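The structure displayed is predicted, hence computed values, not measured ones. A, B, ... follow the sequence lines: proteins, then strands. Residue 1 opens every chain.
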Amino acid sequence: MGAMELIREARPHGREKLRANLIEWFHWLLREAELYDVRYPVKGAYVWRPYGMRLRRHVEELIRRSHDETGHQEVLFPVFIPYEFFGKESQHIRGFEKEVFWVSKGGEEGERLVLRPTSETAIMPMVKLWVHDYKDLPLRLYQIVSVFRAETKMTHPMIRLREISMFKEAHTVHVDREDAERQVREAVEIYKKIFDEMCLAYMINKRPDWDKFAGAEYTIAFDTVLPDGRTLQIGTVHYLGTNFTRVFEVTYLAADGTRRLAHTTSYGISERSIAAMLITHGDDAGTVLPPRLAPIQVVIVPIFYGEEEAASVISYAREVEKALREAGMRVHIDDRPDKTPGWKFYFWELKGVPLRVEVGKRDLEKRQVVITRRDTLEKYAVGLGELVDAVRGLMRTVEENLRRRAWEELRSRIVRAETVEAAKAAIREGKVVEVPWSGDNDCGIKLKDLVGADALGVPLDSDASVGGFDLRDLACGEKRAEFWLRLSERY
RNA sequence: GGGGCCGUAGUCUAGCCUGGCUAGGAUGCGCGGUUCGGGUCCGCGUGACCCCGGGUUCAAAUCCCGGCGGCCCCA
């Protein structure tokens, strides 16, 4: 980079308002940054506005790319599922029936339809038609669609929805448990990559048995920690065993001539991940978008006094814009004549544009620009010759800083406790707390109730075994502790 | 599941308890001037069937009932 001179030290915006009431702050951000409108008159259903939609499309592109590169094929299934299919798997229907939307009219004589709350029972009957022998496997499908859940708890914009409008659900079919579990591990790797690019920090937890996906053998979840200490589930991966293939009779002809039941997995991500991203990188002035996902990566603000300067400064700004655009960057030049530079600075900081390029008469004369980072508000003077390299380098720096900050915050929030009292205190302080657990279901339920928190499960991102310590299960003192069980307040 | 609070111009909000002037402010928008390297300032103008439905009353944004939607706390 060379000729990049720091002309203002870091002085980032505070996070007091954000921490004081996270949900209020988030509603403010969605409204003021024109991302998403919460005023649509149906509970749990909201509107993506143009700027939010552009952000969402970059996230969808990341998700599509990550799946396409790893042997997944995109499909599109109907929103209707015949009740006959939906009800086939007993655990599945037990888990979802209370929150499924029924279609009260339509469908053929005697046929009842539901709106998909997830698509296992739509996909299985079709997979049965498509899979003949072991050479058709593994089959990896995904779609990005709306799913519907009649949430009884309080709904939250972009977080707890009745219409989840960006549900990426992958469904895979395998010859046996081993290959399906290999897929589960791969799905975890794919999700890590996606969240890494979103600069999100996450825990990977094996959900306790009582909280797994309805119809799954086990569920692995990605949980992030928001700035108020509550955790948010941002992705799940399920091993479904033969629970669905058994009832839908999805079998294949094996190499040895026998007919076998296939094993399946499913895994999902939704717009919750976008909410997590907006919040994680947020501050009292707005949000910061990871440069690779930002609809606008660089905003150029021309600064001029009077009309005689305007022409030359704007023409210089266009020169700068052209150079960045030709280098493949998403650039916007804000040449509105009725807004002052200061006003524009606040406006684009609110919207999370990662870099701002300021050009004025002084810069024109020196053939330079001033670049400001959104995350730290550091300012640099950069010669025109180094412009593209400097912007590229700073985008990388901002991205790395967002990711590093997120992980530091998350790591600082995870603590261990060996008594119920200590665990309670940790929860009160907004921590994720790991407590000794025998692994027994009933003891786990008792334990989370004793502490007064939700169970995220057993860590898969660090050593979960209590190992050398001689610790007792905090709820069942007669039992030896085998694992650390993560507890937190959850959204 | 239980409790509390709230819904007023495009947006944010005061007024509501204790019913009664022309529903006040900020922001936005339009015009004029002044400013422009961190939300310029001043003047004039514009904009609200006070969430919906019903009730009480001479009179309802205000009180009562129901609905819809939102926020907070507890289980």
Short heteroatom pairs, N/O only, protein and nucleotides 41-52 of chain B, under 3.5 Å:
none

Testing B:G70, B:C36, B:U11 for proximity to the side chain of A:T340, the answer is B:C36
Looking at B:G37, B:G70, B:C12, which one has an atom nearest to any side-chain atom of A:R31? B:C12
Can you tell me if A:R57 has over 12 outside heavy atoms packed within less than 6.0 Å of its CZ? no
Give the intermediate values and the outcome of ring pair (Phe, Tyr, Trp, His ring centres under 6.0 Å) for residues A:Y36 and A:Y46. CA-CA 7 Å; A:Y36 194 77; A:Y46 307 92; 5.7 Å; yes
Let's see if you can work this out: which of B:G37, B:C72, B:C29 has an atom nearest to the side-chain heavy atoms of A:I23? B:C72
For the side chain of A:E32, counting heavy atoms from C-beta on, which of B:C72, B:C36, B:U11 is nearest? B:U11
Contact class for A:E349 (heavy atom, under 4.0 Å): base, sugar-phosphate, or nothing? base
Planes under 30° and centres closer than 5.5 Å, is that true for A:Y346 with the base of B:G39? yes
Residue mapping more 5' on RNA chain B - nearest nucleotide basis, A:H27 or A:G360: A:G360
Closest listed nucleotide, where the reference is the side chain of A:Y305 and the choices are B:C36, B:G38, B:U40: B:C36
Please tell me which of A:F345 and A:T155 maps to the more 5' nucleotide of RNA chain B, matching each residue to the nucleotide holding its nearest heavy atom. A:F345
Considering only B:G38, B:C71, B:C36, which nucleotide approaches the side chain of A:T372 most closely? B:G38
Enclosure of A:K43 NZ (heavy-atom neighbours >12, cutoff 6.0 Å): yes
